[in-house]
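Structure first, commentary second.
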Amino acid sequence: MISAEQIGDNLKDIEERITAACNRCGRSRRDVTLIAVSKLNPADAVAAAAAAGQYVFGENRVQELVSKQEEIVGICEKKLEWHLIGHLQTNKVKDVVGKVELIHSVDSFRLAQAIDKESLKKGMITDILLEINISSEETKFGLTPENTEETVRLISGLTNVRIKGLMTVAPYTENPESNRIYFKKLKDLSVDISSKNIDNISMGILSMGMTGDFEVAIEEGATHVRVGTGIFGARDYTKRFIYG
Ligand SMILES: *Cc1c(COP(=O)(O)O)cnc(C)c1O
């Protein structure tokens with residue numbers, strides 16, 4: 001793990017870059033939430049980021065998220081907010097409902113139905129985003145832009161899930177400008193769906209932008225950026241075995 005001091009320095013750097021991006025496009029810093037993506041980093045790294053003032057964290061796997069939440073209780077007194085940003089399987093829904101602020105990765109009506117059912121059982125309403133495969137990469141999860149409206153309409157009939165917006169994972173690139181078009185497309189899709197005035201849904205959240213391209217995403221309207229490497233350093237994928 002990188003040092004707590006380095007995590008603090010990295011956060012400060014990311015914070016400055018977010019502020020600069022907001023300033024460039026006339027947005028308020030308050031309109032952008034930084035999600036620190038802690039996957040494959042230990043609870044100690046989360047605690048170090050929390051000590052430096054960060055309180056929103058993202059994980060891409062349910063099991064890792066839940067065990068880190070349990071682990072962090074003993075080493076950090078701050079109240080943290082967790083987001084599930086990775087692909088969710090129906091059989092893991094029961095383990096995550098009630099444990100996160102927002103599920104970013106809903107990509108089917110069937111999955112939304114499972115979240116609805118579990119939320120009803122637990123007497124709560126779960127906020128979700130729809131994941132959109134905006135770049136049409138074959139390897140990516142997500143709804144196609146063409147299927148999005150229909151899925152939004154179906155989900156809007158469910159009582160215990162609430163769509164709050166859209167999310168996308170743009171292609172990996174060394175050149176952030178090359179993803180601008182995808183961020184624009186996601187924003188356009190969200191404006192389009194918003195204009196249909198569908199009951200029970202909101203398009204207020206746009207979750208897009210990662211370490212390599214979050215500034216461009218903010219310029220194109222991101223409200224939530226998901227930054228891992230830029231805060232915690234390169235991930236060690238051999239650590240996967242710790243969390244399964
Ligand atoms: C890992 C991950 C991120 C963070 O990626 P970095 O490039 O390390 O910032 C963001 N979003 C999702 C869905 C991820 O799985």
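If you're wondering where the values come from, they're calculated on a predicted model, not measured in any experiment. One-based numbering, in listed order, for ligands and for the atoms of each.
With respect to atom 11 (N) of ligand 1, the closest heavy atom belonging to the protein is Arg226 NE, 2.8 Å. Taking atom 5 (O) of ligand 1 as the reference point, the nearest protein heavy-atom neighbour is Met210 CE, 3.4 Å. Among protein heavy atoms, atom 13 (C) of ligand 1 sits closest to Ile85 O, 3.5 Å. Remark: minimum distance from atom 8 (O) of ligand 1 to any protein heavy atom is reached at Thr229 OG1, 2.5 Å. What sits closest to atom 2 (C) of ligand 1 on the protein, heavy atoms only, is Lys39 NZ, 2.5 Å. Here the heavy atom of the protein found nearest to atom 9 (O) of ligand 1 is Thr211 OG1, 2.4 Å.
Members clustered with Met210: Leu102, Leu129, Met167, Val169, Ile205, by chain and number, using a 4.5 Å side-chain heavy-atom cutoff among hydrophobic residues.
Residues Arg27 and Glu219 are not paired through a salt bridge, judged by the lack of any N-O separation under 4.0 Å between the basic side chain and the carboxylate.
Heavy-atom proximity to Val227, at under 4.0 Å, picks out these atoms of ligand 1: 9 (O). Contact atoms of ligand 1 toward Gly228: 4 (C), 6 (P), 8 (O), 9 (O) (distance under 4.0 Å to a heavy atom of the residue).
Taking the six-membered ring where the residue is Trp, His224 and His104 present perpendicular rings, their angle passing 60° and hence far from 30°.
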Table please: side-chain donor-acceptor pairs of residues 185-193 below 3.5 Å, with sequence neighbours left out.
none

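Any N or O atom pair closer than 3.5 Å counts here, and Met167 shares no such pair with ligand 1.
For Arg226 (side chain) and Gly209 (main-chain N/O), no donor-acceptor pair under 3.5 Å exists by modelled atom type. Formation of a donor-acceptor pair under 3.5 Å by the Asn41 side chain with backbone atoms of Val46 is not found in this model.
Within the model, atoms CG of Asp127 and NE2 of His83 stand 10.0 Å from one another, a figure rounded to the nearest 0.5 Å.
At a heavy-atom cutoff of 4.0 Å, ligand 1 is contacted by the side chain of Arg235 but not by its backbone.
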